[in-house]
Amino acid sequence: MPLVLYNTLTRRKDVFEPLNPGHVGMYVCGPTVYDRAHIGNARPVIVFDVLYRLLKALYPSVRYVRNITDVDDKINARAKDSGETIAVITERTTRLFHEDMAALNCLAPDVEPRATAHIAQMIAMIGRLIATGHAYEAEGHVLFAVGSMAEYGAFSGRSKDEMIAGARVEVAPYKNDPGDFVLWKPSPPELPGWDSPWGRGRPGWHIECSAMSLEHLGATFDIHGGGQDLVFPHHENEIAQSTCANGKPFARYWLHNGWLMVEGEKMSKSLGNFFTVRDLLDQAPNETQGGEAIRLAMLATHYHQPFDWTAEALRQARTTLDRLYTALRAVADIDANGYDVVPTPVLAALEDDLNTPLAISHLHEQASALNKAAHLEDKARCKGALLASGRLLGLLGQSPEAWFRGAAVGGPSDADIEAAIVARAEARKARNFAEADRIRKDLAERGVVLEDGAAGTSWKRA
RNA sequence: GGCCGGGUGGCAGAGUGGCUAUGCAGCGGACUGCAAAUCCGCGUACGUCGGUUCAAUUCCGGCCUCGGCCUCCA
């Protein structure tokens, strides 16, 4: 069945057809590197990682571009406050961003352009906008003239009157129209700046994505993604800049993930409900569980819906993974090579506008089928299906033993646990159940759960 | 105020014009020395008021209500 995506441009689900058959181009707005990624930053990365995996499964060639914004007033402010240089801040933050996203099992994009490496392209694009009458220079600034574009506002569904009426900030005196936005602004000597036809300055926020998508994907490309909050003004302005500068249509399918809440409230530092990805990874019972649990929790809600991040949601994600890895652990010694086929229902769910919750429900059904499978062939088939489904979602990629045992975080060592299990087995053999239960209880209190099975006792850190 | 998206069983969360996911929690049973895990079974939900229909949780309209955006924000 065809891939269908909810397209903000048309406000309905559209059948996806790449511009060039067999080749897909996707651009997603990446981070501004001034601070560690919080869980809100993680959502689009995870969502579009699943889309990337799906596209790779469906098309022979996919080019995924996600930018790094490394010139921005927030970065400048951070440098001023901390005394560190801008380069130190952006390089470190970029590295930590990569680490955090890798921990969430997100694949690296094919191209990760940095804004500061594309200043020349931005200047060229601004020049074209001035030449075609879509931008003007005023007091060292270059501004996009929204009045020069009849369709401005159509994407985000607002009229110019509304935008003017809604303008909350004081309108800069050099603007011809209150809705005009900055393409280039002057930089004083102490701030990052580049020489340009309009003097030493730095780019506005929106122009970088227009310049970098053009450079790496061309004027017209398939998919542009980002958070819902970027629809206006960021994406509206990107469309204005790119279509006016290039004279061609811009992105064809626009996808936006919903906002993230925390325990029912908007996440903010002042409310004290602000979590970085690292905070949550550190809270996991072992170092192998955190990232995958966060990822599953995020995917358990459809990307278009608001997502309420709660401790309970994370706990449930971990329980779900316990269940799935339990099923896989029971067949750890069964070879599933040749059976790694994604079952149709899973593929169909994802092809229907990335319905990850439905896909996950199929994972559960596959785990049940695996638990019930009686014959070797059945087990291999079910295991292969579950693993292939998981891989498409970026889940279930580690060995069950790694999931359950992880690395000791303060608790008893693997050797201590094994020794206790031997001692308990002897007590059980001697029918000294009081002692056996005492050992089990003792381990439980130290975070280790024992499970007696037909093949002996297994354990996990929980 | 304008625009947009929601309100589903104890909880999370899909979906559908009639056959009413999935998981967690709960209850009963099997298995187990006891547990855990697993398996079997149980609980019949769709904000509200109208309309369309043989039939609506699903379509349409009003109302109530929650959330987001409206040039910092993923």
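Letters A, B, ... are given to chains in the order of the sequence lines, protein chains preceding strands, and every chain is numbered from 1.
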Base, sugar-phosphate, or nothing: which does [X] touch, judged by heavy atoms less than 4.0 Å apart?
X        : result
A:Ala313 : nothing
A:Asp437 : base
A:Arg428 : base
A:Gly40  : base
A:Gln228 : nothing
A:Phe433 : base
A:Thr310 : nothing
A:Leu260 : base
A:His302 : sugar-phosphate

I'd like to know if [X] reaches the base of [N] with its side chain such that a donor and an acceptor end up less than 3.5 angstrom apart.
X        : N      : result
A:Asp452 : B:rC34 : yes
A:Arg440 : B:rC34 : yes
A:Asp229 : B:rG68 : no

Could you check whether the rings of [X] and [Y] sit parallel, tilted or perpendicular, using 30° and 60° as the cut-offs?
X        : Y        : result
A:Phe250 : A:Trp254 : tilted
A:Trp205 : A:His234 : parallel
A:His224 : A:His235 : perpendicular

Taking A:Arg405's backbone N and O only, do any of them form a donor-acceptor pair with A:Arg461's side chain (distance below 3.5 Å, no angle check)?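 Yes, the answer is positive, given that a donor and an acceptor are paired below the 3.5 Å cut-off.
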Pick the nucleotide of RNA chain B nearest each of A:Leu450 and A:Glu365; which residue has the one closer to the 5' end?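 It is A:Glu365 whose nearest nucleotide is closer to the 5' end.
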Relative to the 5' end of RNA chain B, which residue comes earlier, A:Met267 or A:His362, by the nucleotide with the nearest heavy atom?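 Going by which nucleotide is closer to the 5' end, it is A:His362.
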Taking any strand in view, what nucleotide pairs with [N] in a Watson-Crick or G-U wobble way, both distances under 3.5 Å?
N      : result
B:rA37 : none
B:rA56 : none
B:rC42 : B:rG26
B:rU32 : none
B:rG67 : B:rC4
B:rG17 : none

Side chains of A:Glu208 and A:Asn67: do they bring a donor and an acceptor to under 3.5 Å?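 Present: a donor and an acceptor within the cut-off.
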Would you please say whether a donor-acceptor pair under 3.5 Å links the side chains of A:Asp353 and A:Tyr303?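 Yes.
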Phosphate OP1/OP2 of [N] contacted by [X] side-chain N/O (<4.0 Å):
X        : N      : value
A:Lys372 : B:rC40 : yes
A:Asn355 : B:rG15 : yes
A:Asn257 : B:rA74 : no
A:Thr320 : B:rG23 : no

Mind checking the C1' distance from B:rG9 to B:rG15? Whole angstroms is fine.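 Here B:rG9 and B:rG15 have their C1' atoms 15 Å from each other.
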If the P atom of B:rC49 is compared with that of B:rC42, how far apart are they to the nearest Å?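 After rounding to an integer number of Å, I get 31 Å for this pair.
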